[in-house]
Amino acid sequence: MGLPGLALLLAAGLLHAQPTAPPRSFQLDYEQDCFRKDGAPFRYISGSIHYARVPRPAWRDRLLKMYMSGLNAVQVYVPWNYHEPLPGVYDFAGDRDVEAFLDLTAELGLLVILRPGPYICAEWEMGGLPAWLLWKSDIVLRSSDPAFLAAVDSWLHVLLPKIKPRLYQHGGNIISVQVENEYGSYYACDYDYLRHLLGSFRALLGGEALLFTTDGAQAEELRCGTLQGLYATVDFGPDSNVTEAFGAQRSVEPRGPLVRHRGRGRAGRLGCLGSGSLGDVTGPLPPQVNSEYYTGWLDYWGGAHASTSAAQVARGLTDMLRLGANVNMYMFHGGTNFAYWSGADLKAQYKPVTTSYDYDAPLSEAGDPTEKLFAIRTVISKFQPLPVGPMPPATPKYAYGRVDLRKYADLLDVLDVLTPSGPILSQFPLTFEAIKQAHGFVLYHTQLPRDVPAPAPLSAPPHGVCDRGYVMLQKEYQGTLERDGQTTLRVTGRAGDALDVLLENMGRLSFGANFSDFKGLLGNLSLDSSPLSNWLIYPLAIDAAIQQGWPHAALPQSSGRGRSGPAFYTGTFETPGIAWDTFVKFPGWSKGQLWINGFNLGRYWPRRGPQQTLFVPGSVLRVGCPNNITVLELEGAPATPFLLFLDQPLLNRTLSPSTWTAE
Ligand SMILES: *[C@@H]1O[C@H](CO)[C@@H](O)[C@H](O)[C@H]1NC(C)=O
Ligand SMILES: *[C@@H]1O[C@H](CO)[C@@H](O)[C@H](O)[C@H]1NC(C)=O
Ligand SMILES: *[C@@H]1O[C@H](CO)[C@@H](O)[C@H](O)[C@H]1NC(C)=O
Ligand SMILES: *[C@@H]1O[C@H](CO)[C@@H](O)[C@H](O)[C@H]1NC(C)=O
Ligand SMILES: *[C@@H]1O[C@H](CO)[C@@H](O)[C@H](O)[C@H]1NC(C)=O
């Protein structure tokens with residue numbers, strides 16, 4: 001494992017030892033259309049990995065596999081909201097230790113293309129922006145709104161000083177830094193904002209850092225996403241026409257290669273790119289950069305499992321490498337949206353992203369080499385030498401089998417534990433943002449103002465429920481209200497009956513919105529068109545309670561009413577000998593959230609699919625003591641509640657909307 005790092009150090013040492021060698025530099029050569037590293041022509045073949053989606057104990061394993069695949073660089077996003085949970089409060093510890101992650105990349109001899117945002121998309125909650133930005137409800141995100149710029153600048157003043165000494169020019173392994181992300185796809189098209197970011201990045205990183213942008217290869221996207229002073233790159237997948245996409249990139253680089261190379265002979269370009277090792281260079285316009293070459297795609301709850309064939313990915317990669325292009329494969333290793341970190345898209349409807357971010361990538365969600373990885377490695381071997389040595393094998397998985405759970409309590413019976421500070425009193429509903437709850441769940445409680453002898457509509461206005469509301473009357477589960485779905489239930493009851501609605505944030509939009517994605521009850525809940533009032537609003541700190549040992553360490557509760565509605569279930573299991581990675585299936589369960597030993601493994605939703613199992617990294621499990629499972633089931637548990645631990649994932653059970661409710 002030390003060898004690649006050693007090789008890098010030796011190479012660096014040798015360069016310093018030669019008096020004529022150029023100083024460490026990484027630059028764009030507009031004359032010769034290529035990157036130059038220490039003066040020599042250089043091309044990267046890179047892969048994306050997101051440290052926030054991989055448990056820290058697995059970082060080295062995944063990076064080593066990427067190195068052994070023949071990559072010479074990795075592309076890394078920094079999610080702002082992962083590191084600044086509250087304004088001015090920073091977290092760079094444990095899984096969030098981005099510097100430790102960057103140290104590992106350097107140790108393994110990988111270069112880094114860093115994408116610090118501030119917006120990253122990445123199908124990550126709110127595209128990486130902190131939800132607390134929405135405390136100022138009229139803020140215009142990703143624009144030159146002074147409130148947004150002030151927050152961005154304070155963040156960049158914390159992050160970028162950690163990055164500067166790691167730039168290639170300063171002895172580190174970061175060769176380039178992306179500013180914003182696909183800004184041309186955002187409605188605002190605010191050049192003052194991009195100019196401001198450019199100024200901040202320059203001021204904090206220095207004049208030598210290679211700064212770039214990434215946009216889709218459509219003229220409109222490139223128009224609003226690019227700026228003089230930022231090298232414009234594009235992103236596109238294997239089903240795009242490589243020539244056309246790179247042609248679009250060229251059209252927005254006025255100083256760029258396209259203009260200067262008109263009429264220039266092929267030999268001139270080969271002078272920069274090197275020779276034979278690049279294979280058959282036939283393309284007209286090197287060097288080009290595809291910053292996101294899609295190896296697969298994400299999954300949405302309720303959608304089909306996405307896949308792209310290895311052969312197609314290999315073919316497109318070959319085409320681009322033949323042209324001499326620089327390529328980053330997105331994703332090389334996708335990983336997992338643990339806890340509440342998955343984002344959502346807006347495509348006519350709100351579409352939340354699944355917990356798995358497997359992405360059908362060359363390294364699976366659990367970090368195992370796939371057929372696609374070997375196909376890619378074979379392509380790379382035709383253009384540059386592969387590192388000597390074997391590809392590390394898949395890590396063993398273990399089927400721990402069946403673990404019985406029992407109901408601990410209905411959620412409504414443990415509000416004192418989950419909201420120790422007590423509820424907030426409000427005439428009308430308040431959003432998550434208004435009560436400063438970023439993720440998870442908030443409970444809204446009121447009483448029926450009058451007798452309702454005949455079924456009457458309980459309804460939310462359009463876009464009033466973000467994103468799901470689980471409705472209880474007199475603590476009995478009535479059904480679920482859903483964003484862009486069912487927004488009315490019919491209820492009966494008596495004056496004073498307790499009405500509770502548990503609101504779930506399914507992930508803020510990461511892409512495609514021209515509005516801020518507030519959560520909770522955004523409008524009035526009405527009974528027979530008349531707004532309900534006098535609410536008690538409980539911000540639920542479920543994760544804090546579970547991290548402190550609840551409910552395993554607490555006294556048993558009487559298990560409450562039936563099987564339906566939001567409730568906690570618990571169980572334990574032992575890991576014999578070694579804590580292997582495993583996958584957990586939810587037979588007969590509906591929808592909810594899973595924790596093991598206090599670690600939030602994310603949302604499960606087998607009723608909607610396509611994902612049927614959650615990935616449980618072995619590093620979450622403990623040997624020699626019971627592993628504590630906590631499940632928050634939201635709609636309905638099976639008659640015999642148990643979980644099934646398998647040695648392989650089930651990501652592909654495609655259902656149609658008509659079957660969601662029929663189950
Ligand atoms: C790609 O686009 C170019 C230019 O429009 C065209 O000449 C070429 O035939 C296209 N290639 C494919 C495979 O469609
Ligand atoms: C998902 O399952 C369906 C039905 O079994 C199958 O046709 C499809 O090829 C599978 N898709 C993937 C990506 O495995
Ligand atoms: C913003 O979105 C709304 C609906 O989602 C649409 O009607 C409107 O045209 C959009 N505005 C812009 C500037 O894109
Ligand atoms: C809720 O209803 C009250 C009373 O009709 C009204 O004043 C208020 O604006 C409503 N709130 C929203 C968000 O529509
Ligand atoms: C599980 O919960 C028990 C009871 O609170 C506690 O003693 C034990 O340390 C927990 N186990 C783990 C692995 O966290």
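Order of listing sets the numbers, starting from 1, for every ligand and every atom in it. Because only heavy atoms are used, hydrogens play no part in the values below, and waters and symmetry mates are left out as well, while side chains stay in. Starting from 1, each residue takes its place in the sequence as its number.
Atoms of ligand 5 found under 4.0 Å from any heavy atom of Ala553, numbered from 1 in the order shown, are 5 (O). Near Arg622, the atoms of ligand 5 lying under 4.0 angstrom from a non-hydrogen atom of the residue are 13 (C). The Cys625 neighbourhood of ligand 5 comprises atoms 13 (C), with distances under 4.0 Å to a heavy atom of that residue. Close approach of ligand 5 to Asn628 is summarised as follows: ligand atoms under 4.0 Å from at least one heavy atom of the residue are 1 (C), 2 (O), 3 (C), 8 (C), 10 (C), 11 (N), 12 (C), 14 (O). For ligand 5, the atoms sitting less than 4.0 Å from at least one non-hydrogen atom of Asn597 are 12 (C), 13 (C), 14 (O), numbered in the order shown with element in parentheses. When each atom of ligand 1 is checked for a heavy atom of Glu244 under 4.0 Å away, the hits are 2 (O), 4 (C), 5 (O).
Aromatic ring pairs are classed by plane angle as parallel below 30°, tilted from 30° to 60° and perpendicular above 60°; the pair Trp341 and Tyr82 is perpendicular.
Aromatic rings of Phe236 and Phe246 (six-membered ring for Trp) have centroids within the 6.0 Å cut-off, being under it. Taking the ring centroids of Trp589 and Tyr569, they lie under the 6.0 Å cut-off.
For the pairing with Glu125, the salt bridge (Lys or Arg N to Asp or Glu O under 4.0 Å) check across Lys519, Arg53, Arg508 returns one residue only, Arg508. Residue Thr318 forms a side chain to side chain contact (heavy atoms under 4.5 Å, CB included) with just one option from Arg322, Arg315, Met320, and that option is Arg322.
A donor-acceptor pair shorter than 3.5 Å can be found between the side chains of Tyr470 and Arg468. Side chains of His439 and Asn505: no donor on one and acceptor on the other come within 3.5 Å. A side-chain donor from one of Thr630 and His552 sits under 3.5 Å from a side-chain acceptor of the other. Defined by atom type and a distance below 3.5 Å, a donor-acceptor pair is present between the side-chain atoms of Tyr604 and Glu633.
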Pairs of nitrogen or oxygen atoms, one from ligand 4 and one from the protein, closer than 3.5 Å: please tabulate them with distances.
residue  : atom   : partner : partner atom : Å
ligand 4 : 2 (O)  : Asn524  : ND2          : 2.2
ligand 4 : 11 (N) : Asn524  : ND2          : 2.9

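On a distance-only criterion, Thr243 and ligand 1 share no N/O pair closer than 3.5 Å.
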